[in-house]
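For reference, positions follow the sequence shown, starting with 1. Counting starts at 1 for both ligands and their atoms, in listed order.
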Amino acid sequence: MSTILNVRCAGTTITRLFIHNEKQQQLQKCQVAFQSTVSNVKVENIDSKSADVEWQQALPYKSMPRLTRYQLLRGFLKGGEFADLSLNDFVFKCRERLGDIYRLPGVIGQPDSVVLFNVDDFEKVYRTEGIWPKRPGTDALRYYRENRKDGFFKETMGLNDNDEKWAKFRHVVNPILMQPKNAKLYLEPLQKVNLEFVERIREIRDPHTLEVPNNFLVDINHLAFDSVGVVALDHDFGLIRRNPDLEEVRVLCEHMSAFLKSIYDLGIKPSFYKYITTPSYRRFAKSMDLTFDITNHYVNEALARLEESPSKDGEERSVLEKLLKINRKTAIVMAMDMMIAGVDGTSSAITAILLCIAKNPEKQQKLREELLAVLPHRNDPFTIENMKQLPYLRACIKEALRFYPLAFGNVREIGADLVLSGYQVPKGTGALLSTNMLANEELFYPRPREFIPERWLRKSDTTLTDGQRLVAENVNKFINLPFGFGPRSCVGRRIVEIEMELTLANLVRNFNIEYNHSVEKPFSYHLISTPAIPLTFKFTDLK
Ligand code: HEM
């Protein structure tokens, strides 16, 4: 017998929990726990025989096209066919061979995974992910935190936890990081960082060609680091102009990326690290030790500063101060997670946006006109209110993230027994959802290799008719999810959206931006995209 729970908030169904062969008692437990973490939510119970019938009629899991354990292990060994492939290339290579759904067998104690390229399957997985969605792949960080000798993470592993512990932590940090009203806490510091970036460009560009040097990516990385740092650590590192060579930060930058790298190397590829300490795990643990020491140091510094001069009106002045009000450990763990999860992605996203805007001068001009209409003078300050009046700015960013997706998609542990593309897939199986890659397919977004921000405008913001908006009828919200989906989606989304909007808006209102070089293969992909060409943009001052 299967059961479907409809979770409704303010009269709208926000998620459907489909539970196959679960005891009623467990359902009730889950219902109570969920209602205790989210207010104003009702859980409806709908018994469904049709789900049972679908399951009975589906093909057995074992008959799904797959790689064998041997093929997988051999393929990733040195010289093997997958050894040097990025995650993107690996899943696409297997798709060509095996089709739109296939199995990757679990090796070395890992559960099986299925790789999905079918939109209906994405929807089913997300709709049934449950109230505590699990994102596999980050086991190495959990393992590191569980095994730290000082037991620092004993009480909480932050958002790297799972189940109820994750939900509790997320419930506490969500209002601070996600509520639009808190954006005022970081708008000003982020704008300060962005103005420094504009000045930096003026300083480093060649006076004759007006192009910035080959290694401009370093400056974009500094912008990303300063932006996340000013929010997460309440500290203006000044990497962009004042302290570009800060040794401690250089080390931190180098090591922070290890977390994202570990998701593929230790989370998806076969690895023995839980049985013997492999060299890649040793490198990862060293990076996490360093990241821990440095972040811990800066949070303590912020704490001392705040104790020395508490705000007079009792209102917290920063995200970190709000987190510290909860407790010190929450603040440190969250700050650390923001740094390791946020900096690299922000840097690649800004690069993607700049390449798109530089290669599409008409769209750039249209954006400039929108900015001038709302902020007529170049130094008019951005406010939360006037930023709401810039739909074309947001559409440019959304289209750039579709055009150059940061990651192939997302991962989930399947929350219930499900029928996917006609196959039975048991609960607990890992799923790789290629949501973002499909956003580059003609079937869903006509003229996919053209940068057309107009796709994303509401009818009221565009003169284009439905037919011209270049979003196919069969597209649904489960394709193109740069920030993931549901309760486990990106907790830094609000912060990074403001950061990307400020960066693009400041650059477009100060400069004409060009990129007069080839943009063939501008990114390499490991787990997420990394710029792989010299970013010699030309920045010409506007009159
Ligand atoms: C353009 C830049 C960024 C992109 C595209 C991005 C994307 C994502 C995605 C796809 C996820 C997984 C969501 C899911 O499983 O449904 C995620 C999770 C997360 N992101 Fe971001 N992110 C970005 C920037 C940031 C920043 C700046 C921060 C911190 C300030 C951040 C912090 C996090 C954290 C902590 C999680 C884990 C959330 C959880 O498991 O509850 N991200 N992000």
Side-chain angles (χ1 to χ4, degrees), residues 15 37 122 125-126 129 131-138 141-142 156-163 165-174 176-178 182-183 185-186 189-190 193 220 223-234 256 259-260 263 295 319-320 323 330 333-353 397-398 400-402 404-413 415 430-436 439 477-478 480-501 503-504 527-529:
T15 191
T37 54
F122 303 157
V125 171
Y126 276 128
E129 64 180 8
I131 51 174
W132 300 327
K134 281 193 186 143
R135 193 178 43 244
T138 56
L141 183 59
R142 231 180 341 269
T156 181
M157 282 198 260
L159 294 180
N160 200 48
D161 253 324
N162 270 326
D163 303 318
K165 282 175 105 184
W166 165 80
K168 276 193 176 152
F169 195 90
R170 182 85 199 218
H171 178 64
V172 168
V173 298
N174 261 358
I176 300 173
L177 299 173
M178 304 283 287
N182 282 334
L185 294 177
Y186 41 83
L190 287 177
V193 168
I220 298 180
L223 167 67
F225 190 96
D226 273 355
S227 306
V228 181
V230 88
V231 179
L233 301 172
D234 196 8
M256 269 174 352
F259 163 63
L260 290 175
I263 296 180
T295 355
V319 163
L320 185 62
L323 291 168
T330 302
V333 176
M334 193 60 241
M336 210 175 291
D337 285 355
M338 284 197 267
M339 298 304 290
I340 59 179
V343 176
D344 286 357
T346 304
S347 174
S348 295
I350 288 173
T351 306
I353 294 165
I397 292 170
K398 200 163 179 191
L401 296 184
R402 180 199 67 80
Y404 291 127
L406 210 64
F408 82 100
N410 205 352
V411 276
R412 279 289 180 271
E413 187 178 301
L432 282 76
L433 302 95
S434 314
T435 46
N436 301 345
K477 66 175 177 180
F478 294 93
N480 195 44
L481 292 169
F483 296 100
F485 179 83
R488 192 117 209 188
S489 64
C490 177
V491 78
R493 178 176 185 163
R494 298 272 170 263
I495 295 163
V496 75
E497 277 177 346
I498 296 222
E499 165 53 23
M500 292 186 295
E501 287 170 24
T503 304
L504 179 58
L527 180 79
I528 68 164
S529 63

Test side chain to side chain contact (heavy atoms under 4.5 Å, CB included) applied to R412 and K134, step by step: CA-CA 6 Å; R412 279 289 180 271; K134 281 193 186 143; over 6 Å; no
Atoms of ligand 1 less than 4.0 Å from [X] heavy atoms?
| X | value |
| --- | --- |
| F485 | 16 (O) |
| R170 | 38 (C), 39 (C), 41 (O) |
| L406 | 4 (C), 5 (C) |
| M338 | 29 (C), 30 (C) |
| A349 | 1 (C) |
| S489 | 13 (C), 14 (C), 16 (O) |
| P482 | 5 (C), 7 (C), 10 (C) |

How many angstroms lie between [atom1] in [X] and [atom2] in [Y], if you round to the nearest 0.5 Å?
| X | Y | atom1 | atom2 | result |
| --- | --- | --- | --- | --- |
| L177 | R493 | CG | CZ | 14.5 Å |
| I495 | M178 | CD1 | CE | 9.0 Å |
| M500 | E497 | CE | CD | 5.5 Å |

Closest approach of any protein heavy atom to atom 13 (C) of ligand 1, naming residue and atom: R488 O, 3.4 Å
Best match, I528, N410, I495: closest heavy atom to atom 14 (C) of ligand 1: N410
Candidate with minimal heavy-atom separation from atom 16 (O) of ligand 1, of E499, R412, R135: R412
Side-chain donor or acceptor of R135 paired with backbone N/O of V411 under 3.5 Å: no
Check: F408 main-chain N/O paired with S434 side-chain donor or acceptor under 3.5 Å: no
Contacts of atom 21 (Fe) of ligand 1 with protein N/O/S atoms, counting only those under 2.8 Å: C490 SG
Pair N410-R488, side-chain donor/acceptor within less than 3.5 Å: no
Region of W166 engaging ligand 1 - heavy atom pairs below 4.0 Å: side chain
E499 side chain near T503 side chain, heavy-atom distance below 4.5 Å: yes
